[in-house]
Amino acid sequence: MATAEPNGSLIEVRDLAIEFSARGQLARAVDGVSLDWRRGEILGVVGESGCGKSTLARAMLALVEPAAGSVSLRGQVVSGEGAGGRKGVSDLRRRVQMIFQDPYQTLNPRQRVEAIVTEPLRVQGVPEGKHDERVRRALDDVGLDPERYLGRYPHQLSGGQRQRVAIAAALVLEPEGLICDEPVSMLDASVRAQILSVLLELQKRRVLALVFITHDLSLAWSLCDRIAVMYLGRIVEQGSAVDVIERPKHPYTKALVNAVPVPEAGGGGRRELLGGELPDPTAIPPGCRFHPRCPRRFEPCDSVDPSLMPAGGRDQLAACLLHDPAQSSAAKAAADA
Amino acid sequence: MTSLLEVSDLRVTHRGSPIVDGVDFKLDRGEALGLAGESGCGKTTTALALMKLLPPALTQSGSMTLRPEGAEEPINLGRRTEAGMQLVRWRHISLVFQGAMNSLDPVQRIDAQMAEAIRLHSDQKGGKEVGRKISDLFKTVGLPVSAARRYPHELSGGQRQRVMIALALCCDPSLVIADEPTTALDVVMQAQVLQLLERLRESLGLALILISHDLGVLGETCDRIAIMYAGRIVETGPVRSVFDDPQHPYTKLLLDSLPVIGGERGLAPPIPGAPPDPGSPPEGCRFRPRCPYAKDECLADPPLREVAKGQSAACHFAPWKKWPDPRAAAAAGKKA
Amino acid sequence: MSGTATPAGLDARAAAGAPVELADERLRDVLLGTWRGRISVGLLGFFIFIAIFGSLLAPDDPYASSLDVLAPPSWAHPLGTTEQGSDVLSQLLVGARVSIVVGFAAAAISALLGSIVGLTGGYLGGWPDRILDALENWFLVIPALPLMIVLARLLDPSLGVLILVIGLTSWAGTGRIVRAQVLTLRERAFVERAKALGAGDTYVIRTHILPNTLPLIFANTVLIVAVAILSEAALSFLGLGDPSRISWGTMLENAFDSGAPSAEAWWYVIPPGLCITLLVLSVSVIGFLFEEHINPRLRDDR
């Protein structure tokens, strides 16, 4: 499978922009995002709903057409500027798969488990003789006994079992990458832990790269190697999971981490919370997008749009003028105030 | 000292098969109790039973006594008729139910909907009076008064949830039951709504029953917590003690599976299997088939009993001094 | 743009047994589980039997005239005779065929047209959808019977024309329902998943869209059968049917033309009228049963 250098990128996103129209206006759900997803890595993409994280995931699978920028698979541009045609996309479709949030929406109610898990093989033209064996192995891998489950319809399965079937269907092509869009947010605690452990075990055994799209920061922190934090279509901070969550450098990340409920009595009463609401993507604030809600904004924040710059830990980047050396004196003053 | 609400042996059945199977708890004035559990464990049914709002196919039994401030006699909710309950709901107990924020009428302005509810449930009838009440309530829940003239779709999810909380407060109840009030909200909104509930408790002396599947949410907001499993409370006690020193294996394993930032990264071994249907529970302890520590004794039904100060658990082996490694315990159990 | 659905909705869907299924809870249970279902299926079966074997069962030549005009029921003519002296029972038995053939054939045309238009519009979206949607609206708004009358007048009356005219004027409702279903299916995760696998449109429509739309099309078509049977009767009653064939509609037309009601010749009016009513009723009940089965909301309210 993976033949090139071990830590190379599986997918590279460069200056990506995705547009959509809302109330007759063009708005950008993703606006200038660059991101590397390395082989065998678990990458977390976190943010509030509406921040563009799911759109970014769909763009990584070339399911939406970029307005600008590009998506490449192992160095080959497959979508956007300089895309090389159908071959690249079909390569992408074989190597990267996706699983979705809602286990009740993700399976066709009129297909049996067998048809659902076989579908990727059929669509990708895998010789029919191999289907049965690979489908059974995929079901075994996710902890479902093929004998018992092959003939069932989705409504005969629990939420957790449905999500297992969806994972089996994603894995049957033996992909190198799996994009998981809120894979457990609709499942109960004990079932959630089961599904996560299935995913993690497969990740280790098959050297699978995972993208975890989630709004659950503690989950992202505990499972991911690296984390990218999105706000209003931009990545505002990225770095190792431990750096970003335990020592956040962007005020928005700090606010998100602050908002996580702590299972300790009276933990939240005293903390400082982010006010206001996520702005409408058709009316993006000038300068730094976060400045109207930012507790630490200072003079140039409403006019200068910061790009990602080194901050704190190794490979940790934050799009915040507090970390811009050119602004350092003003920033210090603001920080001290 | 008398408690605000006393529930004993609450049972809810559907055609004879139990959904809630003997639940007891007490709630003091101004106290916040968290009801935790996975879907189907009976937590929402318990809330609806307290309000006597169960669908007609379900029957409830058991005693529920409410002693609201200023009332001479305790109110026996269990005996109340529907007409009697209408005097209790909203005035003494109100409910913010699951998905409530999507229950606003999309074609009516917020203030019109609130005015209707206030006129229906309180003695305030005059237009000016009601208008003043609405702006007071909006201030209480931290909404701009201008939001009252808007339509529901013009408000965000968090704002709509605030409107629902304002509605629940319109008759100054002594108890608010909130069923998954933050489930559909993002982290930031969730934190704002939880902070609001905490503030209201302090300023209005409100008692709160908070229902959630999210232990983090309950741990942060509540004084006491009750963990439900398959229609029963399996552990209850002060949040601190339950979280620091759980005494039921189910609580212990649930807490272990909850990542806490700054703690240990990675995944704890998940609880195998799925919760049973409370209508046909396994013999003996209901958690037995999934419990790594199960032994022969567990074939007898364990009662909920006090195992530490204020903390009760329904486990034969409680109090647990030390938790063995669940994987090793499960392996040993299988051999035996 | 991550949609956050609440677990509340999830529970509700799980409780409602969300899937749109005809396959598992077998057709038989849907149709024969209730008394009204059993009676309707029995009646429809009976009429279909008559439609097939009616001409063999007819005691007389239904077209043969005699001098025994408008005679009340007797041993020779159990349902009396017409103004031409033909046997009413024989005409009734033979006439069933036209009603049923027109009903089913017109409904089939209507279902086919409606499905094609609804599928294309719903799946493609954009300008093709806008054009097809406008066409649908036009056909929905225009009163069907006058349109049918105009069309039937313009074309030479024959069985084929009748079927075509009824089929062409009744597809818009199906189109609308199919389009709505396709629009929701298109957004479902399993369609997105298939596309992410690289599946083409034909594949997606064949394996994901159509199987989830067919039960709906089917239930709707059964209801259209009832409408088509009534339309045939109405057109024939207005003299726009096929003059060379007997149908229950033409029987009623002849009865009224000959003044049978004022002559108190009830045996000439009631049998075709009753047959039309019973046939339409049985087909409608079957259609409603399907609809109820597909739409859990209707089922819960029962």
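So that the names make sense, note that chain A is the first sequence line, chain B the second, and so on, each numbered from 1.
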Is it the side chain or the backbone of [X] that comes within 4.5 Å of chain C heavy atoms, both, or neither?
X        : answer
A/Arg122 : side chain
A/Gln124 : side chain
A/Leu173 : side chain

Is [Y] close to [X] at the side-chain level, that is, under 4.5 Å between some pair of heavy atoms?
X        : Y        : value
C/Glu192 : A/Thr106 : no
A/Glu119 : C/Arg193 : yes
C/Phe190 : A/Gln111 : no

Considering all heavy atoms, the nearest C/Leu197-A/Gln97 contact: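 Smallest heavy-atom distance, with atoms named: CD2-OE1, 3.2 Å.
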Shortest non-hydrogen separation from C/Gly198 to A/Val123 and the atoms involved: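 So the minimum-distance heavy-atom pair works out to C-CG1, 3.8 Å.
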Pair listing, side-chain hydrogen bond (donor to acceptor under 3.5 Å, both in side chains) test, anchored in residues 217-227 of chain C, at least two apart: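 Output for this query lists C/Thr174-C/Asn220.
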Most chain C-contacting option - heavy-atom pairs closer than 4.5 Å, from A/Leu56, A/Leu63, A/Leu61: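 The option with the most such pairs is A/Leu63.
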A/Arg110 CZ to C/Thr207 OG1 distance, which is reported to the nearest 0.5 Å: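 These two atoms lie 12.5 Å from each other.
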